[in-house]
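Take a look at the structure below.
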There are 2 protein chains.
Amino acid sequence: MAARMTRQRTAVVETLDELADFRSAQQLHEALRARGESVGLATVYRALQALADASEVDVLRAEDGESLYRRCARSEHHHHLVCRFCGRTVEIDGPTVEAWASKVAAAQGFDDIEHTIELWGTCADCRAAAAK
Amino acid sequence: MAARMTRQRTAVVETLDELADFRSAQQLHEALRARGESVGLATVYRALQALADASEVDVLRAEDGESLYRRCARSEHHHHLVCRFCGRTVEIDGPTVEAWASKVAAAQGFDDIEHTIELWGTCADCRAAAAK
DNA sequence: ATGCGTGCAAACGATTTGCAGCCGG
DNA sequence: CCGGCTGCAAATCGTTTGCACGCAT
């Protein structure tokens, strides 16, 4: 069950921590290469999937369908406010929303409720950069 | 600007209305074939995209990344509670959630806020079918 | 007529997988 | 030593696009 600790796995986790914000597997792959710790793209995907299964990283889908990964501070359920340009992320939670979601769903006779609640926007920095 | 009315576009819209719930382009393509009104898959995609651009259909991403389309009753902003098995859909709106979303985002200095709020569950029928 | 719409097949881009060799425990 | 891990390339899969032809306006 415990994941074997290889050079590439370590590198993936470390780089993920460094980047801090949501990144795609490809961006991560490139960051690894730049960092000198080159790792095969397939391996990056496998590592990320393993981490996701172990709830060590959060995964979410960008508007274009690409998967983005991030090591979040809190492991409990929460949501995100993400900059669609630079990936800058703010963790948020909405107790109100949680309650609302399950109530609505239950009222319609639905089970195994799961909700997708993500906020996308343009962060202050990117707005400034774009304005220039 | 006005979309040209062809046999295939009419067929796509009609079939979409018939299906009522969220369907993938491929499911729709198959439904068209079954209906006798065969339409090229590429055309189905093009028609759906045009409809989406014109806000005639709602689009959302399934958990596996596939795009699902649906002709919604209301054209105003709203969200959905979708059965992950049969696609059965219930339109919902959460005035509370809307307000919460923009408030949180603005507080972090984010602009052009957009939110993804979808509820996924198993509808009563599918739960019964699975239990059998 | 005129040019948007269509079909088909090739092109795409992200992700997955088969397989032979490697290396961590 | 052994089985999980890796790399590479080939395979998937949904979706997009190039191109020659047809049809709605």
Side-chain angles (χ1 to χ4, degrees), chain A residues 1-16 19 22-54 56-70 82 84 87 116 118, chain B residues 1-16 19 21-54 56-70 82 84 87 118:
Chain A
M1 183 77 256
R4 189 186 285 183
M5 221 18 185
T6 63
R7 171 183 69 76
Q8 10 308 63
R9 239 106 135 149
T10 307
V12 166
V13 174
E14 287 180 357
T15 307
L16 216 37
L19 296 180
F22 275 100
R23 300 296 178 210
S24 68
Q26 322 245 359
Q27 287 179 309
L28 187 52
H29 177 245
E30 164 141 8
L32 282 161
R33 171 168 306 246
R35 208 173 182 269
E37 290 273 21
S38 190
V39 178
L41 180 55
T43 300
V44 172
Y45 274 108
R46 282 187 278 231
L48 287 173
Q49 194 150 59
L51 287 168
D53 288 347
E56 296 261 335
V57 297
D58 275 28
V59 190
L60 65 78
R61 298 265 183 180
E63 298 172 329
D64 70 354
E66 209 178 2
S67 291
L68 303 178
Y69 306 82
R70 175 176 194 255
V82 188
R84 60 167 70 82
T116 304
E118 303 297 342
Chain B
M1 184 75 258
R4 191 185 279 182
M5 220 20 183
T6 63
R7 180 197 111 245
Q8 14 302 68
R9 282 189 187 195
T10 306
V12 166
V13 173
E14 287 180 358
T15 307
L16 216 37
L19 297 181
D21 294 322
F22 275 99
R23 300 295 180 212
S24 69
Q26 321 242 0
Q27 288 180 308
L28 187 54
H29 176 244
E30 165 141 6
L32 282 162
R33 171 168 306 248
R35 206 172 182 269
E37 288 274 21
S38 191
V39 178
L41 180 55
T43 301
V44 172
Y45 274 108
R46 282 187 278 232
L48 287 173
Q49 196 150 57
L51 287 168
D53 289 348
E56 296 261 335
V57 297
D58 275 28
V59 190
L60 65 78
R61 297 266 182 179
E63 298 172 328
D64 70 353
E66 209 178 1
S67 291
L68 303 179
Y69 307 82
R70 175 175 194 256
V82 187
R84 62 167 66 81
E118 302 297 343

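Just so we're on the same page: letters track the sequence lines, and every chain starts at 1. Quick caveat, the model's predicted, so the values are computed rather than measured.
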Walk me through whether B:Leu68 and B:Val59 qualify under side chain to side chain contact (heavy atoms under 4.5 Å, CB included). CA-CA 6 Å; B:Leu68 303 179; B:Val59 190; over 6 Å; no

Assign [X] to base, sugar-phosphate, or nothing according to its heavy-atom contacts below 4.0 angstrom with the strands shown.
X	value
B:Gln26	base
B:Arg9	sugar-phosphate
B:Ser67	sugar-phosphate

Protein-nucleotide distance ([X], atom [atom1]; [N], atom [atom2]), rounded to Å:
X	N	atom1	atom2	result
A:Glu37	D:dG7	CD	C1'	16 Å
B:Arg7	D:dA24	CZ	P	10 Å
B:Leu41	D:dG14	CG	P	10 Å
A:Asp53	D:dC5	CG	P	12 Å
A:Glu66	D:dG14	CD	P	18 Å
B:Gln27	D:dG14	CD	P	11 Å
B:Leu48	C:dT6	CG	C1'	15 Å
B:Leu32	C:dT6	CG	C1'	14 Å

Under 4.0 Å between a side-chain N/O of [X] and OP1 or OP2 of [N], yes or no?
X	N	result
A:Tyr45	C:dT16	no
A:Thr43	D:dC5	no
B:Thr6	D:dA24	no
A:Gln8	C:dC23	no

Run the side chain to side chain contact (heavy atoms under 4.5 Å, CB included) check on B:Glu37 and B:Arg7 step by step: do they pass? CA-CA 9 Å; B:Glu37 288 274 21; B:Arg7 180 197 111 245; 3.1 Å; yes

Confirm from the modelled atom types if A:Arg46 and D:dG4 form a donor-acceptor pair under 3.5 Å, side chain to base only. no

Would you kindly check whether a donor in the side chain of B:Arg4 faces an acceptor in the base of C:dG5, or vice versa, at under 3.5 angstrom? no

Show your working on side chain to side chain contact (heavy atoms under 4.5 Å, CB included) between A:Leu51 and A:Tyr69 and close with a plain yes or no. CA-CA 10 Å; A:Leu51 287 168; A:Tyr69 306 82; over 6 Å; no

Looking only at atom types and distance, does a side-chain atom of A:His29 sit under 3.5 Å from a main-chain N or O of A:Val39, one as donor and one as acceptor? yes

5' priority, DNA chain D, between B:Met5 and B:Tyr69 [closest heavy atom]: B:Tyr69

Would you call B:Arg61 and A:Glu63 a salt bridge, using N to O less than 4.0 angstrom? no

